[in-house]
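Starting from 1, each residue takes its place in the sequence as its number. All heavy atoms count here, side chains included; hydrogens, waters and symmetry mates do not.
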Amino acid sequence: MDQLALIIGLLLATVVAVGLGDRLRLPYPVLMLLLAVALTFIPGFPDLEIEPELILPIFLPPLLFATAQRSSWAVFRVRWRTLIMLAVALVVITTATVAGAAWLMIPGIGIPAAIALGAMVAPPDPVAVESVASRVHMPRRLTTVLQSEGLFNDAAAIVIFQAAVAAAVGGTRVEADVVLKFVVGAALAVVVGVAMGWVIALAYRLVNSMVARSAITLVVPFAAYILAEEVHASGVIAVVVTALEMQRHSRPQDAAERVTRNAFWDVVELLVTGLAFGLVGLEIRHVIRDEGTAIFGMIGVALVVCVLVFAVRFLWLAVLALGARKRRNLLQPSSLKEVVILTWCGMRGLATLALALALPVTLADGSPFPGRDYLLVIACAVLLATLVLPGLTLPWLMRVLKATGDGSEERDAARLLAKRAQGAAVAALKDHDLMKDLPPEKVELVKARMKRLQAELLDGSLRNESLPEKRQRGRELAIAVQTIALDAARQEVVAARSEPDTDPEVADRVLRQLDLRTMIMPE
């Protein structure tokens, strides 16, 4: 009962942290990390024991699924260069640098455990970054770079971590064929993800209940992860591909479902993040209790690793900036100012927490995992350095560098897509037989509504109306007119999202507005 009460308490603390963060204009991950640190000093606080091998299957599927749902295959096609250079190459370089430093400075740690540490602290957290970036009016292009990086960096780091931990536990080396194993595992994971997407699309057609279909998404990420791991594929990649396939199979008539599902997964992601931060605080309590004053000797190594994490990111982004200026790559930093901002936004979060909690306690022969307490202390130090410090100082940095954006680029892009959507809706209705059968007053009503469609897609006032008011406005049109017009508009925006010059994130926002318009129409 104590453990259940502790879990409920951590979830409640997460909700309080979100509310407090809104009032103090601070990102809630920063407050949750500070709370987790405070938990280490409360005497008599109950312990919560979760087997390390259960951490990744519990925390990673919802984390990855929630993140991947914000993306699409179109994003991968448009941003593949940025994904490779930031989400994969930077993770690998950071892992190698931190691993080398840890192997030299921590006695008896071994190369596999050092690589595991590097993978733990390598991937920035897109949730933490977005919660901070949204408050400082960061230019849209820089936000896009950070979002692109966050699409796949967790997957790359987790694959490296799992290979390193397996080698450490088994007493083997991290062999050179790990790349081949990764490629094979990734290919199998893609097959699993595509198959899961097809099964879910079939289930959606057989199940009529919107509640049941939304509930399917809670089971799907765990099923994809476990199935992939059982066939020795990458569960991480399988979950990501499953989410992307669900997006691909999405139908225009599922608008209400998408709105409900997105809200549900926002809640899940928030609670999972808060619980993970609290569990890390409890783990640190164990480290302090076991190590005593010896923990002060770990601080020097932790500081070195923190400096390396910032330095590697800065140098790599500087190299990309030089290349971007020559090739005019708009999805990479192109100036020293942008390099500094993106370096400061490399905030670690839930992935680092989950991997730290997943470190095994013992090896296969029963001996302690080499340097486990050391690794936990370093991981928490990196979290503090990369999350709390930038989270509190980023607004000041943006003002000093005069880099705050006014949102004009995003508004222009959204306006263009909204105009295209309106044009597609009008064209679909113009020559349709249904318009000929409507009475003249209904035809005029339809024309007036279609003229307002562009403004409605750009207008945020929908959030300020009550649901009955929205439904009352929706009854102005017949359901057939709604289906024809909004389906045509949605298809136009989906097609635009795959074009190289379109920002997929802006397209997704317009699609969400279309979903809201569809949901509030009469049934």
Side-chain angles (χ1 to χ4, degrees), residues 27 29-30 33-34 37 82 85-106 114-115 117-133 136 138 142-143 145-146 148-150 153-154 156-157 160 298-322 324 332-353 355-356 374-398 400-401 403:
V30 172
L33 183 56
L34 295 177
V37 174
T82 304
M85 301 307 292
L86 291 178
V88 179
L90 181 54
V91 166
V92 172
I93 293 172
T94 304
T95 300
T97 304
V98 172
W103 181 70
L104 291 174
M105 292 186 295
I106 303 176
I115 294 176
L117 171 63
M120 284 164 49
V121 302
D125 182 10
V127 177
V129 171
E130 288 178 12
S131 66
V132 176
V136 297
M138 184 176 293
L142 298 186
T143 305
V145 173
L146 292 170
S148 301
E149 180 184 12
N153 58 2
D154 288 347
I160 297 173
M298 304 177 183
I299 296 177
V301 177
L303 290 176
V304 172
V305 172
C306 291
V307 171
L308 286 175
V309 166
F310 279 108
V312 169
R313 183 173 179 83
F314 177 83
L315 293 175
W316 183 249
L317 290 173
V319 171
L320 294 183
L322 293 176
Q332 291 180 5
S334 58
S335 66
L336 180 60
K337 178 193 301 185
E338 294 182 355
V339 169
V340 172
I341 294 172
L342 293 177
T343 298
W344 211 235
C345 288
M347 304 171 190
R348 272 55 176 178
L350 185 53
T352 297
L353 291 171
L355 295 181
Y374 233 126
L375 303 189
L376 285 173
V377 170
I378 293 174
C380 287
V382 171
L383 280 168
L384 285 169
T386 62
L387 182 57
V388 177
L389 183 60
L392 297 177
T393 60
L394 184 60
W396 169 82
L397 179 65
M398 296 292 290
V400 170
L401 297 179

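- Separating the CG atom in Leu117 from the CG atom in Leu375 is a distance of 5.0 Å, to the nearest 0.5 Å.
- Heavy atoms only, all atoms of each residue included: Met120 and Leu355 are closest at CG-CB, 3.7 Å.
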For residues 386-394, run the donor-acceptor check on the side chains, cut-off 3.5 Å, and write out each pair with its distance to 0.1 Å, sequence neighbours left out.
from, atom 1, to, atom 2, distance (Å)
Thr386, OG1, Arg348, N, 3.2
Thr386, OG1, Val382, O, 2.7
Thr393, OG1, Trp344, NE1, 2.8
Thr393, OG1, Leu389, O, 2.7

Counting only pairs under 3.5 Å, give me each side-chain donor-acceptor contact of residues 301-312, with atom names and distances, residues two or more places apart or in other chains.
none

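- By the side chain to side chain contact (heavy atoms under 4.5 Å, CB included) test, Ala114 is found to be paired with Ala99, Ala102, Trp103, Ile109, residues two or more places apart in sequence or in another chain being considered.
- Between Thr95 and Ala122, the shortest heavy-atom contact is OG1-CB, 3.6 Å.
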I would like to know whether Val339 and Leu320 meet side-chain contact (heavy atoms from CB on, under 4.5 Å); could you show each step before the answer?
CA-CA 9 Å; Val339 169; Leu320 294 183; over 6 Å; no
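- Under the 4.5 Å side-chain criterion, counting only non-hydrogen atoms from C-beta, Ile299 is not in contact with Val377.
- Across all their heavy atoms, Leu336 and Phe314 have their closest contact at CD1-CZ, 4.0 Å.
- Thr352 and Val121 make their closest contact through OG1-CA, 4.2 Å (heavy atoms, listed as atom of the first residue, atom of the second, distance).
- Residue pairs satisfying the salt bridge (charged side-chain N to carboxylate O under 4.0 Å, His left out) criterion with at least one member in residues 378-397, sequence neighbours excluded, are absent.
- Distance check, rounded to the nearest 0.5 Å: CH2 of Trp316 to OG1 of Thr94 gives 9.5 Å.
- The list of salt bridge (charged side-chain N to carboxylate O under 4.0 Å, His left out) pairs with a residue in residues 300-315, not counting sequence neighbours, reads Glu149-Arg313.
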Met298 vs Ile378, test: side-chain contact (heavy atoms from CB on, under 4.5 Å). Steps then yes/no.
CA-CA 8 Å; Met298 304 177 183; Ile378 293 174; over 6 Å; no
